[in-house]
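Let me begin by presenting the structure, written as structure tokens, before commenting on it.
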Amino acid sequence: MYLDVLADSCAILAWLVHVSAIAVLQKSALRRTRGPLLLLLLVLLSVPNLVITLMIYSDNQEYLNITEPLGFARFVLVSARTLPLLVYLLAFAFPCISDAGYTLYINTADGSPLIPQSTELDTGEMVAEDGSGCVSRLFYLWLTPLLRRGQRGELDRPVDVYHLPQKLRTSVVCRYFHQCWKACRRPAVVSDGQDQWPRPISRNVLTGTWNSHYQEPLELEGDVGLLRVLHKAFGSRYYLLGVLKVVVNMLSFAGPLLLSSLVNFMEEQGAPVSTGVWCTLGLFAATLLSSVLRNIFVFEVSKVALSARAALVSAIYSKALQVSSSSLAGFTLGEVVNLMSTDTDRVVNFFNSFHELWSLPFQFSITLYLLYVQVGVAFLGGLCVALLLVPLNKFLASRILSNNKHMLRHKDSRVKVMTEILFGIRVIKFYNWEPHFTQKVTNYRNQELSHLKAIKYLDAMCVYTWAALPVVISILTFITYVLLGNQLTAAKVFTTLALVGMLIFPLNCFPWVLNGILEAKVSLERIQRFFRLTNQDLQAYYALCLACSSCLCRLSGVVYAADREAGFGLASQEPWIQHASVRDNILFGKDYDFDFYQAVIEACALSDDLSVLPNGDKTEVGENGVTLSGGQKARLALARAVYMDKDVYLLDDPLAAVDTDVAEHLMQKCIIELLRGKTRILCTHRIEFLDKADMVVLMENGTIVKTGRKKDLQQTGRHVTVVVRRVQCFKMFDLNLMKYRLVGVYKLDYSPVLTLIIHIYLLRSPLSSVQTFASNNTNSDVRFYLTVYGSIAAANTVFTALRAFLFAYGAICAATTIHNRLLDRVLKATVTFFDTTPLGRILNRFSSDLYSVDDSLPFILNILLANVFGLLGMLVVISYGLPWVLVPLLPLALLYQRTQHFYRHTSRELKRLCSLTLSPIYSHFSETLTGLGTIRASGGSARFEEESAKRLEQNQRCQFLSNAAMQWLDIRLKHNCVCVCVCVAVLLSLSGLVGLSLSYALSITTLLSGLIFSFTQTEMQLVSVERTEEYSTGLPTEPQHQNMQLPPAWPEQGWLEFRSVVLAYRDGLPNALDGVSLVVRAGEKVGIVGRTGSGKSTLFLALFRMVELSQGRILLDGMDISTVGLAQLRSRLAIIPQDPFLFSGTIRENLDPCGRHPDQQLLDVLDQCHLSSVVSRMGGLDAEVGERGKSLSVGQRQLLCLSRALLTQAKVLCIDEATASVDQKTDRLLQQTIRDMFQDKTVLTIAHRINTIMDCDRVLVMHAGKVVEFDSPAALCKTDRPGPPSHPAHPAPAVKRSTFT
């Protein structure tokens, strides 16, 4: 025996030396390594000896008796040997970095001087977890500075949170994912010595100046299975965590077994005290170790899921930059954005569900075996009922999967329509189409809700069957056991109840886990289909979509170009403007060169525009440039292309949206002079510039008709004219034509059913308590108590069913009400709101936030209510059986309250920051998809990919810390729960209801932590309700009053008067209209001219009350339009807006969305606009125009918008550059059509082509928001008085006489 003590003491000493050696290594340069593999093998050799020794000592009571100190000391020493062994194995699986020689602070990452330790650094300058030791990682002590900052209310910005650990940084994860993709595409052997998680290229990621470009671009295409790549990238680490999951599951069964031993100890007379002590210590150790390991498992799984999310989001963005335009045409913008948002989230949730998929059946099997050990074959009575539910569960799962597919399809359609509504909100308000599009979105939402309702009721069926099953199993097991002639004892009853109680979690969770995996399967297939799209062949060809002509954009033309890597300078026909400052739009990622920048500003005639902006070229422009006029957007896009300083320029009609003087300035100063020495291809309808071209290309119906000099091409007709200015060798560009709020709000929406649900919870909570209390008295009258128990169980199942289905009904009511209020308020919002709010932020309310309202919030709220009332019932039972337990519970409750109070402020702010940083990712992705042509042409894909990675990194930081904060709370709650069990066990001798109290104490361990967790999760999910409520109640809305005395025929004449009208788009901006006074007679045709930004389009916005006047009045037939309802006013006016916006759908739906006109009338107006041949070639009125009208050229879209106006019977027609993108012959025909159709109506026409307004009765000349001249064309021709400068370089009369002659 003395030799055994000596051997065990030497073993402990050896372990201490080994641990000390490891500690020394931790301070060396090799601190990250796990040591040689041989050392691990030597350690594992000692495991069998240790296990066998422990088993022998445990079976021999001599070693477990405290009265035998020598034997007990041997057992303690052997047990102590297991501790360093477990620590070593845990550290080997999850290596830690000691604090010595390493710092949390970011400053050491770039070699800057260390800040003294006495100075407390900002949390935004610290790195999460990497500099922490094992104790700090185990209890999340590294998170304390952030939690303290959140408690102080100073966690306001995303930059205030920690940086990600090294292995979770987006650059590291993406590089490794790309390596795995390549390995799956062409199998490659990676040497064992290689670090499979390579270090980032640059540590400048911490300072925001990092560069995440890869060594070579990854071609994400082909038959590479996405699941296979994810398996290769994250499988090994993820499966290793499964071993930890097995250990946690095994430890969870220690509670019921030790409970049985403890109850037997209390019932046995003369049992040794050491047995009770060991049972109590074992209960403490098993519960503590289980909670710690479970916490580690959950946090490590969240890290893997976070890495997978970074890889998927980055890969989808990268694929969108590579995919060919023809392949991408099969996806709408909303569908592609949904791939990055909803589908990616569902695939990532798979990581949380997969281990549960095998773990839950494993727990179920072990529990059944332990039941067999307790009650023998009697457990089969309850098991048969469970097996009968398997086919039902399979049927429910298949129906849930089918409905989920249909729901996602309708959700895609709804998000797509909402995207188009937000893009075309001005058109919708101009035409008073809000009711129609509200109904359209509502129809899609109703279809979505019909499937969501089916899913919720099917889920309710799952919840009902599996929640009621443990009660049914208990009663059937006890009845069968008694009928077999056995005698029920307290130990068997409470052990059986504890084991059956353990069935609740796997049986309740399995349907949800299965549903999550099925959803992930559907989403994975959708993402896989996107990855299989064909990439653009950038090695041999370069896409010139939106470049040479709209024909190439609409068909499948490709153009070969030498030295393609340099890229092109592209100014597309539809200017793409980023949501950034004017300067950032022009620089487009290039360095700021003051001299060249100023030259570009002057050449593109932007000096005057910048001078009137509040912050000059640092003024932020709205999304898609909504705060700029059409001409300003065109010149800004041209300036961006010029600043790129490329060798080849593709200019797609940049002169269409500007007036004649500015067009001449752009042609001479920019295209001819500043771009001298460049190859320039200019597509234009302005024939006056043809003589400046080296070669003219005539195109018609997508084919080249003729090429040559201007003198060789006298025919202009309706051809698209391509002008090439070539001063370098033409072989450089070889052209080949190919074939073509809050809790109160949510409770309000639940009000019909929430009160009833709470009453049901209150009824259910005491039921389970009565069940176990009755079971404790089975020895006195088994038949009586089993009858009572069975009756209560039957009532329990009824209330469970009512709860499940009423909650599902309440969730549908809440989802319906919240969406309808949100949609109604958004469509009534002012235009200014849409100009100043990124569309991605608004779309986030209709996608991610509504998903929380539809699914996440009802789910977690259901769990919260179940935990609250279940906890109340358990506390009543424990207090009845063991009143003394209330003594430690009171301070424990205060500790719980303080812990969650310390946590909840930070968790709520982190959730808010997660939502805040999520919107920029989606808005940047949407912006990228819209401007793919420009990005590819300029060769800026790498820069945009880097920008996306930076935004993703910011969101990942918030997501990681939100997960860490939840585990910080969890580990503390679990330790508090362990204290509850120990307190109950210590007070065993004070009551005869030991088994009852202790069985509930075991359950309360999970229930208390579940309560706090579900409470904080509910509070976090309510942020989505808060965000939707913010829009539903706080948005500035347009006036909704109606004029009940308005005559039905108003306006009868079309007489219009502006009286001292002053208008500013927003406070702080200069007046867009400054004291405008004019009178337009009934039936008069008025042309409006002036340089871009002079206030021409603003006149129409004021007339339609898109922006309310600051001063003055506008009278229509003598009535102040401010006294008329907006719907009444806009329905009596007609407009052809400057941007020809079309909605996806048919030509009929775009012409007459409300269905008020017969088909023949629609065909007539198409013929009058010279579109009949185009429409018939496309397939008639039912032909699809594509997303935002991409099947039509810009000119054809303008003609279709003109057809809309011809359908109206308005007395006032406003035309805003409606024919800028059509050739001059078609323009003349259209002007004749307008004169004939609107002969007796008032027509206001904005035009830059003089011949468009030559036959107008009068011409209004605008400059800087003021009326300069207003007279007939003939009178203006006779007047040659000085006026404002026509463009920055050449002062000239307001309207030159030569223009009209």
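- The CG atom of L850 lies 9.5 Å from the CG atom of L823; values are rounded to the nearest 0.5 Å.
- With N820 contributing its side chain and T816 its backbone, the two residues share a donor-acceptor pair below 3.5 Å.
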Point to revise | Worked check of side chain to side chain contact (heavy atoms under 4.5 Å, CB included) between L452 and L449 | key: CA-CA 5 Å; L452 179 65; L449 286 176; 3.7 Å; yes
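- Note: L822 CG to S1032 OG = 4.5 Å, rounded to the nearest 0.5 Å.
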Review point. Could you walk me through whether D854 and E448 pass the side chain to side chain contact (heavy atoms under 4.5 Å, CB included) check?
Key: CA-CA 11 Å; D854 293 347; E448 181 185 358; 4.1 Å; yes
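- Counting heavy atoms from C-beta on, the side chains of V298 and D970 never come closer than 4.5 Å.
- With R957 contributing its side chain and V161 its backbone, the two residues share a donor-acceptor pair below 3.5 Å.
- Using a 30° and 60° split on the angle between ring planes, Y162 and W142 fall in the tilted class, from 30° to 60°.
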**Study point:** Trace of the side chain to side chain contact (heavy atoms under 4.5 Å, CB included) decision for F902 with Q151
**Key:** CA-CA 6 Å; F902 184 62; Q151 188 184 31; 3.2 Å; yes
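- The two residues D160 and L146 come nearest to each other via the heavy atoms O-CD1, 3.9 Å.
- Taken to the nearest 0.5 Å, the CD atom of E300 stands 7.5 Å off from the CD1 atom of I296.
- For the atom pair CG (N338) and CZ (R346), the distance works out to 9.5 Å, reported to the nearest 0.5 Å.
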Review point. Passes side chain to side chain contact (heavy atoms under 4.5 Å, CB included), M966 versus Y903? Steps please.
Key: CA-CA 8 Å; M966 285 190 288; Y903 160 80; 3.1 Å; yes
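- Between F859 and I863 there is a side-chain heavy-atom pair separated by less than 4.5 Å.
- In this structure, W358 and H355 have perpendicular ring planes: the angle between them is above 60°, well past the 30° mark.
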Exercise for review: With ring-ring contact (aromatic ring centres under 6.0 Å, His included) as the test, would you mind laying out the steps for F299 and F960 before giving the verdict?
Suggested key: CA-CA 10 Å; F299 189 49; F960 171 76; 5.7 Å; yes
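- Counted by atom type alone, N403 and Y457 present zero donor-acceptor pairs between their side chains at under 3.5 Å.
- Contact detail for A520 and V347: the closest heavy-atom pair is O-CG2, 4.0 Å.
- N963 places no side-chain N or O within 3.5 Å of a backbone atom of K303 that could act as its donor or acceptor partner.
- In the displayed structure, R399 atom CZ is contacted under 6.0 Å by at most 12 heavy atoms of other residues, nucleotides or ligands.
- Using a 4.5 Å cut-off on side-chain heavy atoms (C-beta onward), K411 and Y851 make contact.
- In this structure, R309 contributes its side chain and Q956 its backbone to no donor-acceptor pair below 3.5 Å.
- Side-chain contact between E909 and T906 is absent, with no heavy atoms from C-beta onward closer than 4.5 Å.
- Put simply, the side chain of K911 reaches to within 4.5 Å of the side chain of Q1021, judged on heavy atoms.
- When all heavy atoms of L861 and T1018 are compared, the closest pair comes out as CD1-CG2, 3.9 Å.
- In this structure, K456 NZ and I400 CD1 are separated by 10.0 Å, a value rounded to the nearest 0.5 Å.
- Shortest non-hydrogen contact noted between S852 and P858 is O-CD, 3.7 Å.
- Checking side-chain atoms of N295 against main-chain N and O of S291 turns up no donor-acceptor pair under 3.5 Å.
- Between L360 and V513, the closest side-chain pair of non-hydrogen atoms falls below 4.5 Å.
- T1028 OG1 to R821 CZ: the interatomic distance, rounded to the nearest 0.5 Å, is 8.0 Å.
- Within the 3.5 Å criterion, the main-chain N or O of L141 finds a donor-acceptor partner in the side chain of T144.
- Pairing each heavy atom of S290 with each of S252, the nearest pair is OG-N, 4.5 Å.
- At least one donor-acceptor pair under 3.5 Å links the side chain of Y238 to the backbone N or O of F351.
- Using modelled atom types, no side-chain atom of R1027 and backbone atom of R845 make a donor-acceptor pair closer than 3.5 Å.
- In this structure a side-chain-to-backbone donor-acceptor pair under 3.5 Å is missing from S962 to Q959.
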Practice item. Report the C-alpha distance between N249 and S359 in whole Å, list the side-chain angles of each, state the deciding distance to 0.1 Å, and finish with yes or no for side chain to side chain donor-acceptor pair (under 3.5 Å). Key: CA-CA 8 Å; N249 289 342; S359 173; 2.7 Å; yes
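- Shown here are the side-chain hydrogen bond (donor to acceptor under 3.5 Å, both in side chains) partners of R904, two or more places apart in sequence or in another chain: E1019.
- Residues Y922 and R841 have side chains not in contact (no heavy-atom distance under 4.5 Å, counting atoms from C-beta outward).
- A heavy-atom distance below 4.5 Å is found between the side chains of H819 and F846.
- Listed here is the closest heavy atom pair of S353 and I517: CB-CG1, 3.8 Å.
- With hydrogens and angles disregarded, a donor-acceptor distance shorter than 3.5 Å links the side chain of T917 to the backbone of L913.
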